[in-house]
Amino acid sequence: MSTLKDHQEYIDRFRSGEISETDFTQRIESNADLKQEFERHQKDLQVIRSAAKEQLRKKVLTALEKHKKKSATVFLLKRVMQIAAVFAFLAAAIFLIQNMNQPKSGSDLFANHFVLPDAAGERNANAQSDIWNEAMINYSNQDFKKTIELLSPLVKQDGFPFANRGNLYVGLSQLMLNENQKALEKFDTIDVESSYIQDAEWFRALVLLKMENIVEAKKILQKIVAQPRHYKNKEAVEILDNIQK
Amino acid sequence: MPKIETWSDDEIIEAFSTGGAIKEQAVDHLINDFIHYLPKVAKKTGLSQDEALDVFTDAIMALIDQTTSAQFKGASKLSTYFYKIFYFKSVDLFRKNTTNQIDYREELPEAIDSESLPIKKMETNEDINQLHQYLDQIGEICKQILLDWGYWGYNMNEIAERAGLEGSTQAKDRKYKCLQKLRKLIQ
């Protein structure tokens, strides 16, 4: 005769899959004690299931608390990043505004506005013209030292028709060789009646800017601004705007 | 076996069927993986955290039952299937809480398609409290043995090891005695 323990073992074997459902059903139908034990077993499992739910609920609560902490950290991190982004944006904006409003240095203005004029050729067939043309070739080739060597004696010759233009090119060459003071003096020698006086004024202003002599540069630029027909009138206004910021 | 984080849905379902430590691992993994649904669904359905915790736990148990009893056909991802169970159970409870009250929550479905998604009726909190209290009265070791055997599906050798018993025979005897204790309390 089977004991209660035997019935339980038989039910366990069925639950683990050792005994087929057909065999189990047949056996249960023919054994009232086993059937009763199986019904009890079902009730036992219900109680155990409720305890398992309690156990699981604790696991879920732990997971939820962990999740909340993690979410709070992520939220905080996002906030910090957002604030950092706002600060970075503000810093960039302030930097830009400051730079926009900050007066540019003289050398920056010089670099922005200085354009080396092209060489000018001469077509007369005489010795002076030959030297002039050679000087211009050297000027075009950016051999400014040679240009000065050729032009300096030429512009001093009595009756040389392009003395003012020559002095302009000597001054420009000196400027390119960074002989700023010499260039300034050279531009000063250009006759006020000459058609190169506007160039002379413009380049004098630029040399002074390059030398960071803003006060003197301003005076010349204001003089240019006062001449509505001066070919550098607009640029002079622009530079003055930058200086005055 | 690869890391649990990389398990496929099939591997998780297989772990449920195998039972024992691997089932526990799979359940822990799913809880951690799906926990982010809890605050979202609670907010959406207006349940309290306590209520949502109950429903979430119940949904995990339902998922285990349905996947091991082949009710889950694998037509959707396990996470999607779980979300449906959890959401509908939450709606059920919400409706139960608000019976005879006017409800303006438009996003809640008008009817729950319980035919297409077999969901066991959730046990009420009162039932659960009464039932698991019996297990609390039979001692911690007995409670663990019965849980390991009756819910987690550990085999007798594993139960013996976990309970510090000498072998499967001793584990079987202990389980028998524990069951007898429990039955006396229930009667």
Side-chain angles (χ1 to χ4, degrees), chain A residues 1-22 24-25 33-78, chain B residues 17 19 24 27-39 42 49-50 52-61 64-65 122-123 127-136 138 143-153 155-156 172-173 175-180 182-183 185-187:
Chain A
M1 195 178 158
S2 295
T3 63
L4 188 64
K5 211 170 176 183
D6 292 333
H7 290 328
Q8 284 184 5
E9 264 188 46
Y10 186 75
I11 292 165
D12 280 348
R13 283 171 63 205
F14 164 66
R15 281 185 64 213
S16 67
E18 275 182 56
I19 294 163
S20 74
E21 201 165 346
T22 323
F24 185 74
T25 315
D33 286 345
L34 180 63
K35 195 176 180 181
Q36 196 186 12
E37 178 53 26
F38 186 60
E39 280 163 8
R40 277 181 172 180
H41 173 86
Q42 303 282 68
K43 281 179 190 168
D44 294 338
L45 289 185
Q46 259 189 315
V47 178
I48 291 165
R49 186 183 164 85
S50 79
K53 182 172 176 178
E54 262 315 291
Q55 204 179 45
L56 277 175
R57 196 183 190 276
K58 281 177 191 160
K59 284 178 187 244
V60 175
L61 183 63
T62 309
L64 182 66
E65 277 161 5
K66 210 167 122 188
H67 172 74
K68 277 182 180 172
K69 270 186 196 168
K70 198 177 157 189
S71 301
T73 313
V74 171
F75 179 76
L76 196 71
L77 207 68
K78 273 186 185 170
Chain B
S17 304
E24 271 206 87
V27 171
D28 287 347
H29 169 65
L30 284 194
I31 289 173
N32 286 311
D33 218 25
F34 298 158
I35 197 70
H36 64 279
Y37 293 143
L38 197 152
Q49 182 181 290
D50 252 23
L53 264 171
D54 272 336
V55 181
F56 186 93
T57 311
D58 208 52
I60 287 281
M61 293 179 96
I64 298 166
D65 292 345
M122 200 185 87
E123 298 101 331
D127 291 340
I128 292 161
N129 286 337
Q130 278 170 9
L131 291 175
H132 82 77
Q133 272 171 11
Y134 292 124
L135 232 70
D136 288 338
I138 58 169
K143 182 181 174 182
Q144 195 53 51
I145 288 172
L146 292 186
L147 276 168
D148 284 355
W149 162 76
Y151 189 75
W152 293 110
N155 64 41
M156 283 301 159
K172 272 181 201 170
D173 285 346
K175 182 210 89 184
Y176 177 76
K177 284 174 188 164
C178 292
L179 266 182
Q180 295 310 106
L182 180 68
R183 284 178 183 178
L185 282 170
I186 296 170
Q187 273 168 0

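Order of the sequence lines sets the chain letters (A, B, ...), proteins ahead of strands, with each chain counted from 1.
With rounding to the nearest 0.5 Å, the separation of SG in B:C178 from CG in A:D44 is 11.5 Å. Rounding to the nearest 0.5 Å places CG of A:L56 at 8.5 Å from CG of B:D28.
Among the candidates B:K175, B:R183, B:H36, B:M61, the residue making the largest number of heavy-atom pairs closer than 4.5 Å to chain A is B:R183. Interface check for chain B: of the options A:H67, A:K5, A:K68, the most heavy-atom pairs under 4.5 Å are formed by A:K5. The candidate with the highest count of non-hydrogen atom pairs below 4.5 Å against chain A, out of B:L135, B:L147, B:L182, is B:L147.
Interface remark: B:L146 contributes backbone and side-chain atoms alike to the contact with chain A (heavy atom separation under 4.5 Å). Interface remark: A:L45 contributes side-chain atoms only to the contact with chain B (heavy atom separation under 4.5 Å). Neither the backbone nor the side chain of A:K43 comes within contact range of chain B; no heavy atom of the residue lies under 4.5 Å from a heavy atom of that chain. For B:Y151, the parts sitting under 4.5 Å from any heavy atom of chain A are the backbone and the side chain alike. B:D50 touches chain A through backbone and side chain together, each having a heavy atom under 4.5 Å away. Neither the backbone nor the side chain of B:N155 comes within less than 4.5 Å of any heavy atom of chain A. Only the side chain of A:R15 comes within contact range of chain B, judged by heavy atoms closer than 4.5 Å.
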Check your understanding: Under the side chain to side chain contact (heavy atoms under 4.5 Å, CB included) criterion, do B:K143 and A:Q55 qualify, and how do the steps go?
Key -> CA-CA 11 Å; B:K143 182 181 174 182; A:Q55 204 179 45; over 6 Å; no

Review point. Could you go step by step and tell me if B:T57 and A:K59 meet the side chain to side chain contact (heavy atoms under 4.5 Å, CB included) rule?
Key: CA-CA 9 Å; B:T57 311; A:K59 284 178 187 244; over 6 Å; no

Exercise for review: Show your working on side chain to side chain contact (heavy atoms under 4.5 Å, CB included) between A:L4 and B:Q180 and close with a plain yes or no.
Suggested key: CA-CA 10 Å; A:L4 188 64; B:Q180 295 310 106; 3.7 Å; yes

Practice item. In sequence, state the C-alpha distance, the side-chain angles, and the governing distance for A:R49 and B:D65, and then conclude on side chain to side chain contact (heavy atoms under 4.5 Å, CB included). Key: CA-CA 11 Å; A:R49 186 183 164 85; B:D65 292 345; 2.9 Å; yes

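Under the 4.0 Å criterion applied to side-chain N and carboxylate O atoms, A:D12 and B:K172 are not assigned as salt-bridge partners.
For B:P39 against A:L64, the heavy-atom pair with the smallest separation is CD-CD1, 4.1 Å. For the residue pair B:N32 and A:A63, the shortest heavy atom distance occurs at OD1-CB, 3.4 Å.
The aromatic rings of A:H41 and B:W149 stand perpendicular to each other, their planes meeting at an angle above 60°, with 30° marking the opposite boundary.
Looking at heavy atoms from C-beta onward, A:K66 lies out of side-chain contact with B:I35 at the 4.5 angstrom threshold. In this structure the side chain of A:T62 never reaches within 4.5 angstrom of the side chain of B:I31, judged on heavy atoms.
Within 6.0 Å of atom CD in A:E21, 12 or fewer heavy atoms from other residues, nucleotides or ligands are found, so the atom counts as exposed in its surroundings.
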